[in-house]
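If you read the sequence from its start, that first residue is 1, and numbering goes on from there. Counting convention: from 1, in listed order, for ligands and their atoms alike.
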Amino acid sequence: MRVRKDLNWSDVTPRCDWMNRRQLIAGAAALAAAPAAAGIEAAKSPFSTTEEPNTFKQITTYNNFYEFGLDKGDPARNARLLTTDPWSIVIDGLVEKPGTYDLSDVMAGAPLEERIYRFRCVEAWSMVIPWIGFELSHLLNKVGVQPGARYVAFETLVRPDEMPGQKSAILDWPYREGLRLDEAMHPLTILATGLYGEPMPKQNGAPIRLVVPWKYGFKSIKSVVRISLTAEQPQTTWNMENPREYGFYSNVNPQVDHPRWSQASERRVGAGIFAGRVDTQMFNGYGDQVASLYSGQDLSKDF
Ligand code: MTE
């Protein structure tokens, strides 16, 4: 299942890896002044946290991407096998303009922003990640959502030749995720195409992945090739695997423990060995923006 190559990601790592945050900010300012330079230009967003982001190295070497293996380091070792250009996304189901869209069509006119979000994995670790992306609602409005649509389903590509983890039935491929339409249309929900001002690293879900910051990380599906608007709640990978442990909603909730561990606190990846665990926040700290989506729902049942 695992493919090891002589070269490590760290050997071919982009400059972000060795630049510190101050240099990065200076670099971003320089990029803004010189649009021809490499790197993605994106507006700042009021939705960003002011917490210090994790380093590029932490974000790109501690990953979950089972298509490339089960260990946290496997995606960084194996994901370079993935061909991300050309890339297209099938958009189908209850939409006005279904079709197979080239990534450039998906990106056309998309208002890119930097969104520095807290990211909380169901395994009780967390990071702060400076994504580059645009609101999913922008794309859904472009293709036109039909009135009967209530959910959005997403799929990752299946390509066992390039994704060694898919040679084993560790999950029922393709990786699938889903959102309720109001969650999908929420301004915090983005399709991310980069981080730290650079195109999305393959191990983080190149060339385009979902990011839903108030939900456990497994909802943020990587390397998306299909988006379907549906009337019924779609099947989702971890819920199919173990419905008792992984609900459809999977909102970050310190009061609803995972059957095998507490969700009351979390470990911030990269915090020193003397740093304690921090309290997990309801909706990962995004409650002011998203709690109203769930008014009237019992979140211990709809977990
Ligand atoms: N998407 C796909 N296709 N396959 C995966 O295994 N893992 C999920 C999510 N998206 C996963 C995926 C999980 S469990 C987490 S925590 C996040 O990706 C990790 O994102 P990161 O590696 O960019 O931090």
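For atom 7 (N) of ligand 1, the nearest non-hydrogen atom of the protein is Asn64 O, 3.3 Å. Nearest non-hydrogen protein atom to atom 24 (O) of ligand 1 is Phe119 CE2, 3.7 Å. Nearest non-hydrogen protein atom to atom 6 (O) of ligand 1 is Tyr66 N, 2.8 Å.
Under the 4.5 Å side-chain heavy-atom criterion for grouping Ile, Leu, Val, Met, Phe, Trp and Tyr, Met163 is connected to Leu70 within one hydrophobic cluster. Side-chain heavy atoms closer than 4.5 Å link hydrophobic residues (I, L, V, M, F, W, Y) into clusters, and following such links, possibly through other members, connects Ile170 to Tyr246.
Counting heavy atoms under 4.0 Å from ligand 1, residue Arg209 touches it through the side chain alone. Contacts between Thr156 and ligand 1 below 4.0 angstrom, taking non-hydrogen atoms only, involve the side chain exclusively. Within the 4.0 Å heavy-atom criterion, neither part of Met127 lies near ligand 1. At a heavy-atom cutoff of 4.0 Å, ligand 1 is contacted by the side chain of Tyr175 but not by its backbone.
For atom 1 (N) of ligand 1, the candidate residues are Lys222, Arg120, Met163; the nearest heavy-atom contact is made by Lys222. In this structure, of Glu177, Lys219, Gln58, Glu67, the residue bringing a heavy atom nearest to atom 4 (N) of ligand 1 is Glu67.
The cationic group of Lys57 does not satisfy the cation-pi geometry with Tyr62, failing either the under 6.0 Å distance to the six-membered ring centre or the 45° limit from the ring axis.
Taking distance alone, with nitrogen or oxygen atoms compared against 3.5 Å, Gln203 stays at or beyond that limit from ligand 1. In terms of polar-atom proximity, Asn63 is counted as a contact of ligand 1, with an N or O under 3.5 Å from an N or O of the ligand.
Using a 4.0 angstrom heavy-atom cutoff, Ser223 does not count as in contact with ligand 1. Not a single heavy atom of Tyr216 sits closer than 4.0 Å to an atom of ligand 1.
Judged by distance alone, with hydrogens and angles left aside, the side-chain atoms of Gln263 form no donor-acceptor pair with the main-chain N or O of His258 at under 3.5 Å.
In summary, Glu183 and Lys219 do not engage in a salt bridge, as defined by a charged side-chain N under 4.0 Å from a carboxylate O. Salt-bridge formation is detected for the pair Lys44/Glu114: a Lys NZ or Arg NE/NH1/NH2 atom is positioned less than 4.0 Å from an Asp or Glu carboxylate oxygen. The pair Glu135-Arg115 meets the salt-bridge criterion, with a side-chain N (NZ, NE, NH1 or NH2) lying under 4.0 Å from an Asp/Glu carboxylate O. The pair Lys222-Glu67 fails the salt-bridge criterion, with no side-chain N (NZ, NE, NH1 or NH2) lying under 4.0 Å from an Asp/Glu carboxylate O.
Listed by atom number, the atoms of ligand 1 under 4.0 Å from Cys121 heavy atoms are 16 (S). Taking every heavy atom of Ser220 and a limit of under 4.0 angstrom, the matching atoms of ligand 1 come to 9 (C), 10 (N), 18 (O).
Residues Gln235 and Arg176 approach most closely at O-CB, 3.7 Å, considering heavy atoms.
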Checklist entry - After noting the C-alpha distance and the side-chain angles of Arg268 and Glu51, does the key distance pass the salt bridge (charged side-chain N to carboxylate O under 4.0 Å, His left out) rule? => result CA-CA 12 Å; Arg268 181 61 57 83; Glu51 286 174 66; 3.2 Å; yes
